[in-house]
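One structure is given here, and the rest of the page talks about it.
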Amino acid sequence: MSYSEYPHSKFPETICDLPNMQDASATLRPVIEQYNEAWMNNDTDKMAALTNQYPNLTKSLFNADKFNVLLDGVKATQKFFKEEVDEMILTVAQKTVGINDSAEGEDKKRNAYSAEKTDYLTGVTIATNVEIPVSAWDENLTYTYSSDKILENDRVNVFFNSESMFHAAKAFIVVKENTGAGNFVLKANKLPKSALNIREIEVMRKDG
């Protein structure tokens, strides 16, 4: 990853390799004087010829190209710290303590889950006090509850309140499997005699 708006810098993908500068030596000073004279005369051909003939000349020249490399490097560093460093610290912290919600193979032996995944593995309540009137059951004796908190492979547990447990048992109500994301389906063997109350709907996240 690098920032396209700072084309002279490859940070943070790679560290910018800025060329070192050096003070002009005694033998190079006459060449620099020739270069400056060519610059004053707008003789770009002479300037190019001198830099080709004396490669060390560029180490003593501070020009727009070097300044742009330096400036883009500074800007890229500032942007990284402003926008990316929090995410970097979080990633480092997770790897340091072994947090990986998608660990596989040998990594499972030395891994800890995040609190969020642990909650879903042990069960998270997504709804309480849900009323199911008798009229809510369709002709196939099914009742569909919709929620964007239910993912495709979640396991859904339904807990009826004490007054509804008897009627739910008499109707032989079960939670159907593999009904897709965003819902779960209750299936009854016969129509309940009265409205039912779900005390709590709990989701356990198989895929984390």
Side-chain angles (χ1 to χ4, degrees), residues 1-25 28-29 31-32 35-36 38-40 42 44 47-48 50-52 54-128 146-156 180-184 201-208:
M1 177 192 74
S2 58
Y3 305 118
S4 60
E5 61 267 44
Y6 307 129
H8 296 91
S9 173
K10 298 301 181 183
F11 185 84
E13 182 177 340
T14 58
I15 296 176
C16 299
D17 187 17
L18 299 176
N20 291 329
M21 296 189 68
Q22 67 181 28
D23 291 332
S25 63
L28 197 60
R29 284 184 179 275
V31 179
I32 293 177
Y35 184 90
N36 289 335
W39 182 81
M40 292 293 294
N42 199 26
T44 56
M47 294 165 64
L50 288 171
T51 55
N52 288 333
Y54 303 97
N56 286 335
L57 176 60
T58 57
K59 296 181 180 180
S60 300
L61 300 176
F62 189 78
N63 52 21
D65 184 60
K66 288 182 179 178
F67 182 77
N68 289 336
V69 171
L70 179 63
L71 190 60
D72 277 7
V74 172
K75 289 180 178 179
T77 304
Q78 290 177 341
K79 181 170 183 175
F80 176 79
F81 274 91
K82 183 175 183 293
E83 299 181 2
E84 308 291 344
V85 74
D86 287 346
E87 185 67 25
M88 180 194 70
I89 291 173
L90 176 61
T91 301
V92 171
Q94 288 178 334
K95 291 182 178 179
T96 301
V97 300
I99 296 176
N100 182 357
D101 286 346
S102 303
E104 297 180 356
E106 289 296 313
D107 286 343
K108 291 183 177 181
K109 298 178 181 179
R110 49 183 177 270
N111 173 69
Y113 289 134
S114 66
E116 182 179 14
K117 180 166 184 177
T118 301
D119 285 345
Y120 273 104
L121 290 174
T122 56
V124 170
T125 298
I126 64 169
T128 58
S146 298
S147 171
D148 58 6
K149 297 178 181 178
I150 301 173
L151 303 186
E152 184 173 1
N153 294 319
D154 285 353
R155 185 172 72 191
V156 179
N183 69 83
F184 74 87
I201 299 172
E202 181 184 77
V203 167
M204 300 182 72
R205 188 137 295 162
K206 177 181 177 182
D207 294 335

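Positions are given from 1 along the sequence.
Expressed to the nearest 0.5 Å, how far CD1 of I150 lies from CZ of F184 amounts to 6.0 Å. The distance from atom CG of N183 to atom CG of D148, rounded to the nearest 0.5 Å, is 11.5 Å. The structure places OH of Y3 at 6.0 Å from CZ of F80, a figure rounded to the nearest 0.5 Å. One finds the CG atom of L71 at 10.0 Å from the NE2 atom of H8 (value rounded to the nearest 0.5 Å). Once rounded to the nearest 0.5 Å, the distance linking NZ of K79 with CG of D72 reads 11.5 Å.
The number of heavy-atom neighbours closer than 6.0 Å to NZ of K10, taken from other residues, nucleotides and ligands shown, is 12 or below. For N42, the CG atom is loosely surrounded, since the number of other residues' heavy atoms within 6.0 Å does not exceed 12.
Among all heavy-atom pairs drawn from R205 and K149, the shortest one is NH2-O, 2.8 Å. Residues M47 and A38 approach most closely at CG-CB, 3.7 Å, considering heavy atoms.
At least one donor-acceptor pair closer than 3.5 Å links the side chain of S9 to the backbone N or O of F11. At least one donor-acceptor pair under 3.5 Å links the side chain of D154 to the backbone N or O of L151.
Salt-bridge annotation for E5 and K75: absent, with no side-chain N of the basic residue lying under 4.0 Å from a carboxylate O of the acidic one.
Side-chain contact check for L57 versus L50: some heavy-atom pair is nearer than 4.5 Å. Annotation: side chain of N56 is in contact with side chain of Q22 (closest heavy-atom distance under 4.5 Å).
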Handout entry: Working for side-chain contact (heavy atoms from CB on, under 4.5 Å), residues V156 and I201
Key = CA-CA 7 Å; V156 179; I201 299 172; 3.9 Å; yes
